[in-house]
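As a basis for the values below, the full set of heavy atoms in this structure was taken, side chains included, without hydrogen atoms, waters or symmetry mates. Read the numbers this way: they start at 1 and go in the same order the structure lists the ligands and their atoms.
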Amino acid sequence: MIKTAEPIKEVLIVGGGTAGWMTAAALSQMLRGQPIQITLVESEEIGTIGVGEATVPHIRFFNRTLGIDEADFMRRTKATFKLGIEFCDWGRRGDSYIHPFGVFGEEIDGVPFHHYWVRMLQAGIHFPIDSYSLPIIAAREGRFAYPATDPEKLKSTFSYAYQFDAGSYAAYLRAYAEARGVKRIQGKIIDATQNPENGFVKAVTLDSGEKIMAELFVDCSGFRGMLIEQTLKTGYDDWTHWLPCDRAVAAQCTTVGAIVPYTRSTAKDSGWTWRIPLQHRVGNGHVYCSSYVTDEVATTTLLEQLEGAPLTDPKILRFTTGKRRKQWSKNVVAIGLSAGFLEPLESTSIHLIQLAIGRLLDFFPSRDWNPMNAIEYNRLMDVEYERVRDFLILHYHATERSDTAFWNYCRNMDVPDSLTQRLGLFRERGNVVNYRDGMFLDASWIAVYLGQRVVPEHYDPRCNKLDTEQLAHKLAILRENCVNAALTMPAHQDFIRTIGAHAN
Ligand code: FAD
């Protein structure tokens, strides 16, 4: 007779920010029909972090799995479409490139396109790599359309994400989760009780005196890591020496001009600023390193670059870049900021929440608490965090800027061996090492390498099959096709209107 492990019946999610409500929504949908009670406790007094508005394309698959209607979601979260991120002043002051959600050119005879680009560069024929990317041209033109589903079409070579109001997204998912049976409790947790034999968390106590018992606890309590750290003392890997920014100041402002379909990141003297356009306002922030700049100067830098009238007072946030040593410890799984933090340069945090939820479902525990589930979960999440970490470090390290102490530090700092190897291989002959399990694909690495002036010394010799004239002709057609395809797309703002949302 096949024996099945007894399922756990009570899950408590601690925290009602983006992580908490994404977890609640996903578990309520994916565990539907199972005898399990999901409860979420959140504290209105503590509140949420209130930032986290730019995403990567994977969020669409999350929403789709939940059966969320895109037009309804966009209307309620005041979302805009996002084709990539523009990076200004990173490689050198005055530089600008876009990291697109899409590819550059096309493979020719099985050789990746960027090798042909390097070959032409060496032959003295230089067109920016951006001119071979449809989403970059569309973004710069302020245009948007859905990607084509036919993989033969140029218009299928890109993807898109959203920029949305984080508070509205959490509220949207709360309504979704509550409709599927999730119980919400408002209250502040002041204590947690552990089983003296194995250290598992048994219950949490609210300031009202109420005790909430559960079998599995999902810690979505934000930076404080209420259970994973304060109770279980799991420990934290601090990556500040590689990603030295440790503060951010955020403020919202009104929209000026057309709503563009991309996020902008501009390098500053001791960090960088973001601009995230939503339908009804713009989210702005300045991520900086407190060893090089004061809060006052950082705030002034942010306010000086606001394009519209300020809508909120600047809010300062402190953080330590890194990750929890174990994101799953005993019967506590940390998701969101309680699991770790990688600064928002590539909008990866919400994606890491999504990944964590997927992995939790893959290794969902039963009452026998097989330790292998936690071990594998932690291994996979560690890999994901390290991949994102390396990609972020690349932005800081691959710079020619020497105009401030901060950039001198970043340019000269030691980087993880995994990144040194990747950089070396690209510099030498344009090889993009394929990380398994990492979220960023080759085109993303190529965008940042070339955008920040890391140009290969050599190219793949298989590119020499075509003579220069033939290749120049082929590339000219590719460029023309990209421009023509972009110009057939509607203006981003009009597109938002057509799907039923209200731009402005
Ligand atoms: P929080 O929003 O902090 O929520 C914590 C919850 O726990 C709250 O409900 C709180 O009330 C509750 N809680 C805490 N303690 C208790 C207690 N004792 N009792 C009861 N309840 C409690 N991510 C992106 O993907 N894109 C971005 O563009 C982006 N930008 C960012 C910019 C900055 C400056 C920062 C700091 C982060 C950014 N992030 C971004 C990350 C993103 O904000 C978070 O990943 C996301 O908001 C999830 O946060 P959270 O739910 O883990 O934590």
Side-chain angles (χ1 to χ4, degrees), residues 12-24 39-56 58-59 62 82 85 161-167 169-171 173-174 184-192 204-208 210 212 217-231 245-251 263-265 271-276 278 283-288 298 302 314-321 324 327 334-357 388 439:
L12 182 70
I13 299 168
V14 174
T18 307
W21 285 114
M22 279 179 77
T23 306
T39 305
L40 183 148
V41 60
E42 64 178 316
S43 159
E44 278 163 14
E45 181 193 323
I46 294 175
T48 63
I49 189 144
V51 282
E53 307 195 314
T55 63
V56 292
H58 310 65
I59 185 88
F62 182 81
K82 175 179 172 189
I85 305 175
Y162 309 113
Q163 304 163 127
F164 56 56
D165 182 287
Y169 187 52
L173 293 178
R174 173 180 162 187
R184 173 184 180 266
I185 298 174
Q186 204 291 118
K188 185 169 157 190
I189 297 171
I190 51 162
D191 194 21
V204 294
T205 309
L206 302 186
D207 52 359
S208 63
E210 186 186 351
I212 312 169
F217 291 82
V218 187
D219 185 347
C220 298
S221 64
F223 285 135
R224 69 195 69 221
M226 182 77 209
L227 298 179
I228 198 77
E229 196 56 52
Q230 293 188 19
T231 305
C245 291
D246 56 358
R247 287 191 198 172
V249 51
T263 300
R264 177 179 292 155
S265 153
W272 59 279
T273 55
W274 78 74
R275 184 195 67 172
I276 303 176
L278 310 186
N284 307 276
H286 182 187
V287 173
Y288 58 96
L302 175 69
K315 180 181 167 189
I316 292 184
L317 304 154
R318 288 154 204 256
F319 54 81
T320 305
T321 295
R324 212 57 72 191
Q327 300 193 6
I335 296 184
L337 299 173
S338 62
F341 184 63
L342 289 161
E343 56 161 279
L345 190 54
E346 285 283 354
S347 321
T348 43
S349 288
I350 293 173
H351 172 66
L352 289 167
I353 293 171
Q354 182 182 339
L355 264 176
I357 295 169
V388 174
M439 65 176 283

query = Is A166 near ligand 1, meaning one of its heavy atoms is under 4.0 Å from it?
reply = no

ask   = Less than 4.5 Å apart, any side-chain heavy atom of W274 and any of I85?
value = no

inquiry  = Over 60° means perpendicular and under 30° means parallel, so tell me whether F223 and F341 are parallel, tilted or perpendicular.
reply    = perpendicular

message = Using a 4.0 Å cutoff against the non-hydrogen atoms of G336, which atoms of ligand 1 qualify?
response = 52 (O)

message = Counting only nitrogen or oxygen atoms and a 3.5 angstrom limit, does A19 reach ligand 1?
response = yes

query = Closest non-hydrogen protein atom to atom 16 (C) of ligand 1, residue and atom name please, with distance?
reply = I46 CD1, 3.4 Å

query = Below 4.5 Å, heavy atoms only, C-beta onward: do I13 and V41 meet side chain to side chain?
reply = no

inquiry  = Is there a polar contact, in the sense of an N or O pair closer than 3.5 Å, between I49 and ligand 1?
reply    = yes

task = Could you tell me whether I350 and ligand 1 have an N or O pair separated by under 3.5 Å?
result = yes

ask   = Counting N and O atoms only, with roles assigned by atom type, does the side chain of R324 sit under 3.5 Å from a partner on the main chain of S338, one being a donor and the other an acceptor?
value = yes

ask   = Do W272 and E343 meet the criterion of a side-chain donor-acceptor pair at a distance under 3.5 Å?
value = yes

key: F319 N/O under 3.5 Å from ligand 1 N/O   = no

key: Top protein contact for atom 15 (N) of ligand 1, by heavy-atom distance   = R224 CD, 3.1 Å

query = How far is atom 14 (C) of ligand 1 from its nearest protein heavy atom, and which residue and atom is that?
reply = S221 O, 3.3 Å

inquiry  = Considering non-hydrogen atoms of the protein only, which is the closest contact for atom 40 (C) of ligand 1, and what is the distance?
reply    = G52 CA, 3.3 Å

request  = Please verify whether a non-hydrogen atom of F341 lies at under 4.0 Å from ligand 1.
outcome  = yes

request  = List every atom of ligand 1 that sits less than 4.0 Å from any heavy atom of W274, numbering the atoms from 1 in the order shown and giving each element.
outcome  = 32 (C), 34 (C)

ask   = Which ligand 1 atoms, with their elements, are less than 4.0 angstrom from a heavy-atom of L337?
value = 44 (C), 45 (O), 49 (O), 52 (O), 53 (O)

Proximity to ligand 1 by part of A248, non-hydrogen separation under 4.0 Å = side chain

note = Value for CD (Q163) from NZ (K82), rounded to nearest 0.5 Å, stands at 6.0 Å

ask   = What's the shortest distance from atom 45 (O) of ligand 1 to any protein heavy atom, and which residue and atom give it?
value = S349 CB, 3.3 Å

query = Are any side-chain N or O atoms of T55 and backbone N or O atoms of H351, one a donor and one an acceptor, separated by less than 3.5 Å?
reply = no

key: Donor-acceptor contact present, side-chain S221 to main-chain R224, <3.5 Å   = no

note = So CZ of R247 and CG of L317: to nearest 0.5 Å the spacing works out to 11.0 Å

query = Just which atoms of ligand 1 are under 4.0 Å from any heavy atom in M226?
reply = 18 (N)

message = Is there a polar contact between ligand 1 and V51, counting only N or O atoms under 3.5 Å apart?
response = yes

key: From T321 atom OG1 to L342 atom CG, the distance as rounded to the nearest 0.5 Å   = 6.5 Å

query = Considering only the protein, which heavy-atom contact is closest to atom 9 (O) of ligand 1, and what is its distance?
reply = G16 N, 2.8 Å

key: Best match, C220, G222, S43, G50: closest heavy atom to atom 6 (C) of ligand 1   = C220

message = I need the contact type for T55 against ligand 1. Using non-hydrogen atoms and a strict under-4.0 Å cut-off, is it side chain, backbone, both or neither?
response = neither

key: Residue portion contacting ligand 1 (non-hydrogen atoms closer than 4.0 Å) for E343   = neither

query = What part of H351, side chain, backbone, both or neither, has a heavy atom within less than 4.0 angstrom of ligand 1?
reply = neither

query = Can a non-hydrogen atom of A250 be found less than 4.0 Å from any atom of ligand 1?
reply = no

T18 and T48, any side-chain heavy atoms less than 4.5 Å apart = no

Ligand-residue contact atoms, ligand 1 with P344, heavy atoms, under 4.0 Å = 29 (C), 30 (N), 31 (C), 32 (C), 33 (C)

ask   = Can an N or O of A54 be found at a distance shorter than 3.5 Å from an N or O of ligand 1?
value = yes

request  = Run the numbers for me: atoms of ligand 1, each under 4.0 Å from some heavy atom of I353, listed by number.
outcome  = 45 (O), 48 (C)

request  = Enumerate the atoms of ligand 1 whose separation from the nearest heavy atom of S347 is less than 4.0 angstrom.
outcome  = 25 (O), 26 (N)

remark   = Here the gap from L12 atom CG to D219 atom CG, rounded to the nearest 0.5 Å, amounts to 10.0 Å

query = I212 versus F217: any side-chain heavy-atom pair under 4.5 Å?
reply = no

task = Decide yes or no for T263 and E53: does some side-chain heavy atom of the first lie under 4.5 Å from some side-chain heavy atom of the second?
result = no

request  = With rounding to the nearest 0.5 Å, note down the distance linking CG in L302 to CZ in R275.
outcome  = 13.0 Å

query = Does G47 come within less than 4.0 Å of ligand 1, judged by its heavy atoms?
reply = yes

N or O pair under 3.5 Å between S338 and ligand 1 = no

query = Please state which protein non-hydrogen atom is closest to atom 18 (N) of ligand 1 and give its distance, to 0.1 Å?
reply = I189 O, 3.1 Å

inquiry  = My understanding is that only residues two or more places apart in sequence, or in another chain, count here; which of them pass side-chain hydrogen bond (donor to acceptor under 3.5 Å, both in side chains) with T273?
reply    = Q305

Heavy-atom side-chain proximity of F62 to I357 below 4.5 angstrom = yes

task = Give a yes or no on whether the backbone of I190 and the side-chain of T205 come within a donor-acceptor separation of less than 3.5 Å.
result = no

note = Closest to atom 20 (C) of ligand 1 (heavy atoms only, candidates G15, G283, A170, G187) is G187

